[in-house]
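Chain letters run A, B, ... following the sequence lines, proteins first and then strands; every chain starts at 1. This is a predicted model, so every value here is computed, not measured.
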There are 2 protein chains.
Amino acid sequence: MLETSARLLRLLSLLQTRRDWSGADLADRLGVTDRTVRRDVDKLRSLGYPVHASTGTTGGYRLGAGAALPPLLLDDEEAVAVAIGLRGAAGGTVAGIEETSVRALAKLEQVLPSRLRNQVNALQSAMLPLPGRGPTVDPATLSVIAATCRDHERLRFDYRDHDGDHTLRQVEPLRLVHTGRRWYLVAFDVDRDDWRTFRVDRLTPRTPTGPRFTPREPPDTDLAAYTSYKLSNSAYRYQGVFTLHMPLAAATEQITATAGVLEPLDDTSCTLRAGSNSLDGLAMWIAMIGCEFQVHSPPELVTRLAGLAARLTRAATDT
Amino acid sequence: MLETSARLLRLLSLLQTRRDWSGADLADRLGVTDRTVRRDVDKLRSLGYPVHASTGTTGGYRLGAGAALPPLLLDDEEAVAVAIGLRGAAGGTVAGIEETSVRALAKLEQVLPSRLRNQVNALQSAMLPLPGRGPTVDPATLSVIAATCRDHERLRFDYRDHDGDHTLRQVEPLRLVHTGRRWYLVAFDVDRDDWRTFRVDRLTPRTPTGPRFTPREPPDTDLAAYTSYKLSNSAYRYQGVFTLHMPLAAATEQITATAGVLEPLDDTSCTLRAGSNSLDGLAMWIAMIGCEFQVHSPPELVTRLAGLAARLTRAATDT
DNA sequence: GCCGTTGCGGACCACACCGGTCCGCAATGC
DNA sequence: GCATTGCGGACCGGTGTGGTCCGCAACGGC
């Protein structure tokens, strides 16, 4: 029954936009009787979606959190927000999530209506991509590459090697890998007949992408090591120890518990321990706190901050 | 037909995970004959989802971008990535998108299985929330408030006013508003019998949330002005002009075209113009570029950077 | 404690949709 | 030209569909 399926989807959509719905409301929206709504709710339940119901004057239906994620029905604005959010996450704010973000992004952008895609791109340009060290990667490029990996499509791109020379490459892409702050593409270079690793920030893809290919045996390097996302067990690479010259209470206002551990020193200062995988990220973060502070550890961070301070001094005075 | 609906959803899911599928593959995966697959594809099409098909030996089915967004079927990892991305976007990287992000987040978190929610929270703590000026807001709090606004549920929370006094509030939430770098909640304070505006970073919600209420007439302030997202026409508040002491080619590598406009000066330096709505954001961003530079404009930025540099110098030397 | 509201689910029934099977046709690429 | 792939008509037994009517149970306010 085509209409039944469509109605089930609409019902799911309604249950997602608001939390509580009375049976009569739903019946009205769906253009059926409440008996049919009850039957549809039953169908959703037997599909595995937990629809809670409560009786009485304040009763109604409510979609709960179940074992599996139901299909997400987003409106246009929400879809744009998701795309923007994923592009940000692909940029690497959180360790280990980037590759999954790119995958989800590829999935979303495949079905994103073009008017929304334009909106996403427009908003993207309003972002200030964090320069970090080295060049940043265009999320749109990542998205294209991820799609070719998934679909086993050949990829053609211009590549600038470290000497600045440009070459046109034709590859069978295998996997996108994110390490440190860089993205790499592991692919089989057709012309050179061998596996190569390309820095994504140095390549610009050509459209349209090439024909499909049958995946070949990956080189038995430790690609498996890349594949294990190890979301949780990532101890921080750098552990910063600081003295903040502000009262503990004020510091607590600024620094959420997840960002770092605060310990009181005296009435006007406290100790802060904060971890990060990136020295630059840590430096930037501590610099943004608007109070006087001292760095105790790690030593690299001290020199990094000293250099940064000198640079900023010159930047601000030599005008 | 329950099974038919489930199959349609699975088919949609399959079409989203890979781009090209042969009819035989799909039939195999779905456990039906290819004739039925064809019929199902037809059903999807008449539901409005554009399923392209091509014949020949390389033929197959492919889900295209249509007028409306199909329901997104994400796997666990992808759902986590989306949630993380949305939480980041709600933090305000892009102007105008925050409120929509929070809405989408509320929608997602309502149906997110608890094991995934735990994962999201764990990953969240791995992020270094940008401290900016002033305290940051917990995305989980935003999510809770957004849900109560949507569902017309009373909200109880502890509130710290600017004197540091704590009060227990009970309100009928109306809307979350994001301006500048702050989140505000516009709500009707039940005990004080009047409309109030609360800073979200100063409140901690209590669970469970209260009973439902019937929405009352909003105060006829210019809430409409908040509501207009004005995604595009946002000219930047600050326009930074810099001289970078690095060759144009090297600068182009680091600074994507969307981030700023580069003009050559001589062989070793170039001019950069970059806009931002936040002075701190701009300061941080320019500081992250790893080369010598000078600030020309705006003057506030010069003083901001000078102050920052002085602070960093003290931080790095007084150990 | 009563009463209204809300969800629940059984029974009935006319109807048409479902899905497998079998078929020939059209388009594409090697 | 041949294999492969998608397309859709025809047939048919089975069964799910959705409206109507019904009594039951749970909850909250008066």
Side-chain angles (χ1 to χ4, degrees), chain A residues 1-11 14-15 18-47 49-64 151-154 208-214, chain B residues 1-11 14-15 18-47 49-64 151-154 208-214:
Chain A
M1 200 71 90
L2 197 161
E3 194 161 342
T4 312
S5 306
R7 205 177 52 235
L8 281 186
L9 235 48
R10 283 195 59 208
L11 177 56
L14 288 176
L15 287 175
R18 209 211 288 173
R19 190 145 88 181
D20 279 288
W21 287 89
S22 76
D25 279 357
L26 291 175
D28 194 46
R29 289 295 199 96
L30 300 173
V32 291
T33 54
D34 56 342
R35 181 68 185 89
T36 302
V37 168
R38 259 172 312 197
R39 274 196 268 248
D40 284 355
V41 168
D42 260 356
K43 277 174 210 148
L44 285 187
R45 284 201 261 249
S46 58
L47 284 178
Y49 307 122
V51 184
H52 305 299
S54 52
T55 64
T57 48
T58 63
Y61 295 94
R62 164 179 306 196
L63 183 59
D151 301 329
H152 309 304
E153 282 184 356
R154 278 202 182 174
T209 54
R212 280 195 288 170
F213 63 90
T214 52
Chain B
M1 203 72 94
L2 197 161
E3 194 162 342
T4 312
S5 307
R7 205 178 51 235
L8 279 187
L9 235 47
R10 284 196 59 208
L11 176 56
L14 288 176
L15 287 175
R18 210 210 289 173
R19 190 145 87 181
D20 280 286
W21 286 89
S22 77
D25 279 358
L26 290 174
D28 194 46
R29 288 296 199 97
L30 299 173
V32 290
T33 52
D34 55 343
R35 181 70 185 90
T36 302
V37 168
R38 267 182 310 231
R39 275 195 269 248
D40 284 354
V41 168
D42 262 355
K43 277 173 211 149
L44 285 187
R45 283 201 262 249
S46 59
L47 285 178
Y49 308 122
V51 183
H52 305 298
S54 53
T55 65
T57 47
T58 63
Y61 295 94
R62 165 181 304 198
L63 183 59
D151 302 329
H152 309 304
E153 282 183 356
R154 278 201 182 175
T209 54
R212 280 196 288 171
F213 63 90
T214 53

Do B:Lys43 and B:Thr4 have side chains that approach each other closer than 4.5 Å (heavy atoms only, starting at C-beta)? yes
Would you compute the distance between atom OH of B:Tyr61 and atom CG of B:Leu14 and round it to the nearest 0.5 angstrom? 13.5 Å
Select base, sugar-phosphate, or nothing to describe what B:Val32 touches, counting heavy atoms under 4.0 Å on all strands. sugar-phosphate
Heavy atoms only, 4.0 Å cut-off, all strands: where does A:Arg45 land among base, sugar-phosphate and nothing? sugar-phosphate
Scan residues 33-40 of chain A against DNA chain C and write down, sorted by residue number, each residue with any heavy atom closer than 4.0 Å; if none is found, say none. A:Arg35, A:Arg38
Distance check needed: D:dC7 C1' versus B:His52 NE2, whole Å only. 17 Å
Helical bend (five base pairs per end, nearest 10°) for the helix from C:dG1-D:dC30 to C:dC30-D:dG1: 60°
Are OP1 or OP2 of D:dT17 and a side-chain N or O of A:Lys43 less than 4.0 angstrom apart? yes
How many whole angstroms separate atom CG of B:Leu26 from atom P of C:dG19? 15 Å
Enter the distance from B:Arg38:CZ to B:Leu26:CG here, rounded to the nearest 0.5 Å. 12.0 Å
Nearest 0.5 angstrom please: A:Glu153 CD to B:Asp20 CG, how far? 6.5 Å
D:dT17 OP1/OP2 closer than 4.0 Å to side-chain N/O of A:Arg7: no
Using a strict cut-off of less than 4.0 Å between a Lys/Arg side-chain nitrogen and an Asp/Glu carboxylate oxygen, indicate whether A:Arg45 and A:Asp42 qualify as a salt bridge. yes
Can you tell me how far P of C:dG7 sits from CG of A:Leu15, to the nearest Å? 12 Å
About how many Å separate CG of A:Asp28 and CH2 of A:Trp21, when rounded to the nearest 0.5 Å? 10.0 Å
Show your working on side chain to side chain contact (heavy atoms under 4.5 Å, CB included) between A:Arg7 and A:Thr36 and close with a plain yes or no. CA-CA 10 Å; A:Arg7 205 177 52 235; A:Thr36 302; 3.5 Å; yes
To the nearest angstrom, how far is B:Leu30 atom CG from C:dC18 atom P? 16 Å
Would you say the side chain of B:Leu8 lies within less than 4.5 Å of the side chain of A:Leu8, judging by non-hydrogen atoms? no
Can you find a pair of side-chain heavy atoms, one from A:Leu44 and one from A:Leu15, that are under 4.5 Å apart? yes
Rounded to whole Å, CG of B:Asp20 lies from C1' of C:dT28 at a distance of 14 Å
Under 4.0 Å between a side-chain N/O of A:Thr4 and OP1 or OP2 of D:dG16, yes or no? no
